[in-house]
Number of protein chains: 2
Amino acid sequence: MTARYVGIAAELRDAIMRGEYAVGAQLPSEAELAIRFAASRGTVRQAVAVLATEGLVGSRQGARRIVLGRERSQSFAELHSFAQWARAMGHRVSGRMLEQRRRGASATEAARLALQPGEPVLSVLRLRSLEGEPVLLERTVYAGWIAPAVERIDPGCESVTQALYEGVGLVFAYGEHLIDAVAAGVEDSRLLAVRRGSPLLRQRRVTTTHEGRPVEWSDDRYRAGSVTFSIRNSVDANPLVRQVGDLRSAP
Amino acid sequence: MTARYVGIAAELRDAIMRGEYAVGAQLPSEAELAIRFAASRGTVRQAVAVLATEGLVGSRQGARRIVLGRERSQSFAELHSFAQWARAMGHRVSGRMLEQRRRGASATEAARLALQPGEPVLSVLRLRSLEGEPVLLERTVYAGWIAPAVERIDPGCESVTQALYEGVGLVFAYGEHLIDAVAAGVEDSRLLAVRRGSPLLRQRRVTTTHEGRPVEWSDDRYRAGSVTFSIRNSVDANPLVRQVGDLRSAP
DNA sequence: GAGTGGTCTAGACCACGAA
DNA sequence: TCGTGGTCTAGACCACTCT
């Protein structure tokens, strides 16, 4: 059973995307919407809050809500999975595991994964392609407790996230991402088929379970021009944060 | 007067950052918090929702909320202003306007700013520094209707956002950001003092008013290593979206 | 089965924007 | 001044987790 406010949000979203409410135009008031959908004002507010986080509408106290855009800012249930994202977008995705070995955690890795330095981790190198072109090099370190499940995954498996969910019920629930640009190193340039020193988009991330237990710490490098990150924000809600310098030494 | 739920969120946030609730530990139930703060359950839920969007706590139906982290994911009232961000972080910031001229909008610019191609725009080139080091090159195109106000700004002004607010009451309310990596071009390398072709973090953005009216379209390039973007997300709320290829041709 | 968060209701008052 | 969204209350039922 889907929630009432989700359905209302969907109807309003469709109306906006059909152009029934033009960009820049006003949405009906909460009171009007409550009558139209035969719901309480609270439920209507939940619905428009969904549209607000999608960046479709904006609001100010005292004035009616405004339509800000028509493009659906696709909200992914798949938080981190490159494969699931690419498939949802209709791209042909492939990938292979190039290297996999157990070792002790470095100081940085231990800090990121809430382990002690030297505790066992599983280090994995994966190359992923879009439409047959290599676009992403993943250097992932998994906490020791999940290593056995990772090792059981087929090396040619498209979606590690999905495999871990189906295999052991693991859900990647929360993530923190650090995004910057780096020059391609020797290994990067060989595997991604770019020149040494050419620009790469780097995304470092920690992923945790619902309980906040860190699962993986990864350094993902995208070939320039292959992928763009997109973010919408407002004066009220701003998920994007700038930080100075690199964060290798942060706790 | 600050809202009740904001105060409750602040108290809980402080308790988390003091370590009163350890990372991985449970928060009290909504019912307990409602009693403790003498507030209704709805208000308590608003408070913990704040912490959830800050990435400090997570939740699942049926289970108590979990503390996910202790670092404050600083939420900036200043959405776009490099200067205001840098000052808030305690950095020494400076900048200068290098070039400024009126011209007609290109097809891309017109689409981004909701104008007709050829309509007048103001093109501005700015170089910004942190601790005296050049780190950011901004190529901004302002819609014609705001151009006079931009031209009145002092060339050495630190914060354009602030100047436009104080000058004509303009608020940069919403933004969409496209983040990728590019190689430094001739002008980039000269002004940022990096080698030609070296990696830059590029942030393209459209900024609009509360009414959804586009104000500026900017191509900002950060020297690699100078700035990192940080984002937190969860399976439920995912502000980050990947897109393939570049978006110069998108409407 | 008990406890918890997710949803929903029907009211109320207030701060703010627009006319 | 009036309409609007922002906040808050006090209830209710349900879906889910945990033990």
Side-chain angles (χ1 to χ4, degrees), chain A residues 1-12 21 24-53 56-68 169-171 173-174 209-213 234-237, chain B residues 1-12 21 24-53 56-68 169-171 173-174 209-213 234-237:
Chain A
M1 185 53 189
T2 78
R4 190 97 173 73
Y5 75 90
V6 174
I8 296 175
E11 281 201 43
L12 290 174
Y21 301 111
Q26 295 181 337
L27 233 52
S29 73
E30 294 177 356
E32 286 178 67
L33 292 173
I35 293 168
R36 179 188 309 179
F37 292 105
S40 76
R41 196 182 147 212
T43 303
V44 168
R45 280 179 64 79
Q46 273 187 289
V48 294
V50 171
L51 302 184
T53 57
L56 291 177
V57 306
S59 64
R60 260 193 312 174
Q61 188 173 73
R64 283 208 180 175
R65 290 191 169 76
I66 297 286
V67 177
L68 294 177
L170 182 72
V171 175
Y174 305 103
T209 65
H210 275 298
E211 292 76 29
R213 191 176 189 193
S234 78
V235 281
D236 303 317
Chain B
M1 185 53 188
T2 80
R4 191 98 170 69
Y5 76 89
V6 174
I8 296 175
E11 280 202 43
L12 291 174
Y21 301 111
Q26 296 181 334
L27 233 52
S29 72
E30 295 177 357
E32 287 178 68
L33 292 173
I35 293 167
R36 180 187 310 178
F37 292 106
S40 76
R41 196 181 147 213
T43 302
V44 168
R45 281 178 63 78
Q46 274 186 289
V48 294
V50 171
L51 302 184
T53 57
L56 290 176
V57 306
S59 65
R60 260 192 314 171
Q61 187 173 76
R64 283 208 180 176
R65 290 191 168 74
I66 297 288
V67 177
L68 294 177
L170 182 72
V171 175
Y174 305 104
T209 65
H210 275 299
E211 291 76 29
R213 191 178 190 191
S234 78
V235 281
D236 302 316

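Naming: A, B, ... by sequence-line order, numbering from 1 per chain.
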Q: Apply the side-chain contact (heavy atoms from CB on, under 4.5 Å) test between A:Leu51 and each candidate in A:Val57, A:Leu68, A:Val67; give the one that qualifies.
A: A:Val57
Q) What residues form a side chain to side chain contact (heavy atoms under 4.5 Å, CB included) with A:Thr209, not counting sequence neighbours? A) A:Trp145, A:Leu170, A:Glu211, A:Arg213, A:Val215
Q. By side chain to side chain contact (heavy atoms under 4.5 Å, CB included), which residues pair with A:Ala34, not counting sequence neighbours?
A. A:Val44
Q | First-last contacting nucleotides on DNA chain D - partner chain A, under 4.0 angstrom, heavy atom | A | D:dG3 to D:dT7
Q.
Run the side chain to side chain contact (heavy atoms under 4.5 Å, CB included) test against A:Ala3 and tell me which residues pass, sequence neighbours left out.
A. A:Tyr5, A:Val6
Q) What residues, two or more places apart in sequence or in another chain, satisfy side chain to side chain donor-acceptor pair (under 3.5 Å) together with B:Arg4? A) none
Q) Listed in order of residue number, which residues of residues 25-35 of chain B have a non-hydrogen atom at under 4.0 Å from DNA chain D? A) none
Q) Mind checking what makes salt bridge (Lys or Arg N to Asp or Glu O under 4.0 Å) contact with A:Arg41, not counting sequence neighbours? A) A:Glu30
Q) Which residues satisfy the side chain to side chain donor-acceptor pair (under 3.5 Å) test with B:Thr53, sequence neighbours excluded? A) none
Produce the list of close N/O pairs, under 3.5 Å, pairing protein atoms with atoms of nucleotides 15-19 of chain C; give distances to one decimal.
from, atom 1, to, atom 2, distance (Å)
C:dC16, O4', A:Gln61, OE1, 3.2
C:dA18, OP1, A:Arg60, NH2, 3.4

Q: Heavy atoms only: give me the nearest B:Pro28-B:Arg36 pair and the separation to one decimal.
A: CG-NH2, 3.6 Å
Q: Report the residues that fulfil side chain to side chain contact (heavy atoms under 4.5 Å, CB included) with B:Glu11, sequence neighbours left out, ordered by chain and then residue number.
A: B:Phe37
**Q.** Pairwise side-chain contact, B:His210 with B:Val171, heavy-atom cut-off 4.5 Å (strictly under)
**A.** yes
Q: Indicate, with a heavy-atom threshold strictly under 4.0 Å, whether B:Arg45 touches base, sugar-phosphate, or nothing.
A: base
Q. With sugar-phosphate meaning primed atoms plus P, OP1 and OP2, does B:Arg41 contact a base, only sugar-phosphate, or nothing at under 4.0 Å between heavy atoms?
A. base
